[in-house]
Amino acid sequence: MKSAAFALALALFGSAVPAWAKVAEVSERGFVVRHLVEVSTSPAKTWDMILDPAKWWESSHTWSGDAANLSIDAKAGGCFCEVLRNPKSPNAAPRGSVEHMRVVYIESDHALRMVGALGPLQADAANGTLTIEIKPAKDGTQILLEYVVGGFLRTPMDKLAPAVDGMLGAQLASLAGKLGGAFSAAFPLPEDKPAKAPEAEQAGPPEPPAATGDEIIGR
């Protein structure tokens, strides 16, 4: 029988995992979700859209039920937050707010990194790092999204990871749709070899962003 925590996770993340969902890595310690998309817009326009989640994040994956309540304060320490408005009086003082994630690294037109446990993960002792990187492509811009989760979770990692993967894949697909692009399959695919991190990254330098996706998107 599924636990109450797992049921809540599926309710907020979405119980139907799309056919293109693919968890890059999973173990008892945590999991990694990684997706790639290419859009026809310039890096500058793509970047501006990423920083405005109210325009592309799906309302079904918010606490308030309306993505218009989302915002990102685009600076180190800034909040990816959501206002919980009073449904009976939208113009009245909000009934609360939610911090989804906090910005720890930001570089215009290149990379955004935030830390935080999304959705029901915040009820457990979970840690999550979300990195979004963009790179000029031949016909537009490539966007790489990676979410690394670890810590203590009451739901087994291998059961929760596909739901998180499906939710984030849906967000990136929505972003691509707003930018006139086409969603690509998550990667690495079964027939692909995982990208090898460069030696500098293996040595553990303090400077982000992570190079996990740089080789894949041709940095």
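- Between Ile132 and Ile143 the shortest side-chain heavy-atom distance falls below 4.5 Å.
- Rounding to the nearest 0.5 angstrom, the gap separating the OG atom in Ser40 from the CG atom in Leu179 is 7.5 Å.
- Between the CH2 atom in Trp47 and the CD1 atom in Ile134 there is a gap of 6.0 Å [rounded to 0.5 Å].
- Put simply, Met114 and Val83 are part of two different groups of oily side chains (I, L, V, M, F, W, Y) that touch within less than 4.5 Å, one to the next.
- Considering all non-hydrogen atoms of both residues, Thr141 and Ser42 come closest at OG1-C, 3.2 Å.
- For the side chain to side chain contact (heavy atoms under 4.5 Å, CB included) with Trp56, the qualifying choice from Leu172, Leu175, Leu70 is Leu175, the only one to do so.
- Atom CZ of Arg113 sits about 8.0 Å away from atom CD of Glu146, to the nearest 0.5 Å.
- Interatomic distance, Ile72 CD1 to Ile50 CD1, rounded to the nearest 0.5 Å: 9.0 Å.
- In plain terms, the two heavy atoms of Ala126 and Leu153 that are nearest each other are CB-CD2, 3.6 Å.
- The minimum heavy-atom distance between Val37 and Ala176, with the atom names listed, is CG2-CB, 3.3 Å.
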### Message
Please evaluate residues Glu25 and Arg34 with respect to the criterion side-chain contact (heavy atoms from CB on, under 4.5 Å), reporting the C-alpha separation (whole Å), side-chain torsions for both, the decisive distance (0.1 Å), and the verdict.
### Response
CA-CA 9 Å; Glu25 299 176 37; Arg34 192 178 298 132; 4.0 Å; yes
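- Checked by atom type and distance alone, the side chain of Gln171 pairs as donor or acceptor with a backbone atom of Glu58 at under 3.5 Å.
- Leu160 is listed as a side-chain neighbour of Leu121, based on a closest heavy-atom distance under 4.5 Å.
- For Ser59, the side-chain contact (heavy atoms from CB on, under 4.5 Å) partners at least two apart in sequence or on another chain are Asp66, Ala67.
- Residue Ala68 comes nearest to Ala54 through the heavy atom pair CA-CB, 4.0 Å, listed as atom of the first residue, atom of the second, then distance.
- Checking side-chain atoms of Tyr147 against main-chain N and O of Leu118 turns up a donor-acceptor pair under 3.5 Å.
- Remark: the backbone N or O of Trp63 is paired with a side-chain donor or acceptor of Glu82 at under 3.5 angstrom.
- Contacts of Thr41 classified as side chain to side chain donor-acceptor pair (under 3.5 Å), with partners at least two apart in sequence or in another chain: Thr46.
- Here NE2 of His100 is found 8.0 Å from CD of Gln122. Values are rounded to the nearest 0.5 Å.
- For the pair Asn69 and Leu84, the minimum side-chain heavy-atom distance is 4.5 Å or more.
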Checklist line | Verdict with supporting geometry, Asp73 and Val103, side-chain contact (heavy atoms from CB on, under 4.5 Å) | finding: CA-CA 8 Å; Asp73 186 8; Val103 178; over 6 Å; no
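- For the pair Leu145/Leu130, a side-chain contact is recorded, criterion being any heavy-atom separation below 4.5 Å from C-beta on.
- Checked options Lys135, Glu133, Glu38; the residue passing with Gln142 is Glu38 (criterion: side chain to side chain donor-acceptor pair (under 3.5 Å)).
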*asked:* Walk me through whether Asp165 and His35 qualify under side-chain contact (heavy atoms from CB on, under 4.5 Å).
replied: CA-CA 9 Å; Asp165 184 63; His35 289 276; 2.9 Å; yes
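- Arg102 contributes no side-chain N or O that, together with a main-chain N or O of Val115, makes up a donor-acceptor pair within less than 3.5 Å.
- Atoms NZ and NZ, from Lys45 and Lys178 in turn, are 12.5 Å apart once rounded to the nearest 0.5 Å.
- Formation of a donor-acceptor pair under 3.5 Å by the Glu99 side chain with backbone atoms of Cys79 is not found in this model.
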TODO: Determine, step by step, whether Met49 and Val39 satisfy the side-chain contact (heavy atoms from CB on, under 4.5 Å) criterion, reporting the C-alpha distance in whole Å, the side-chain angles of both residues, the deciding distance to 0.1 Å, and the verdict.
DONE: CA-CA 12 Å; Met49 180 66 76; Val39 295; over 6 Å; no
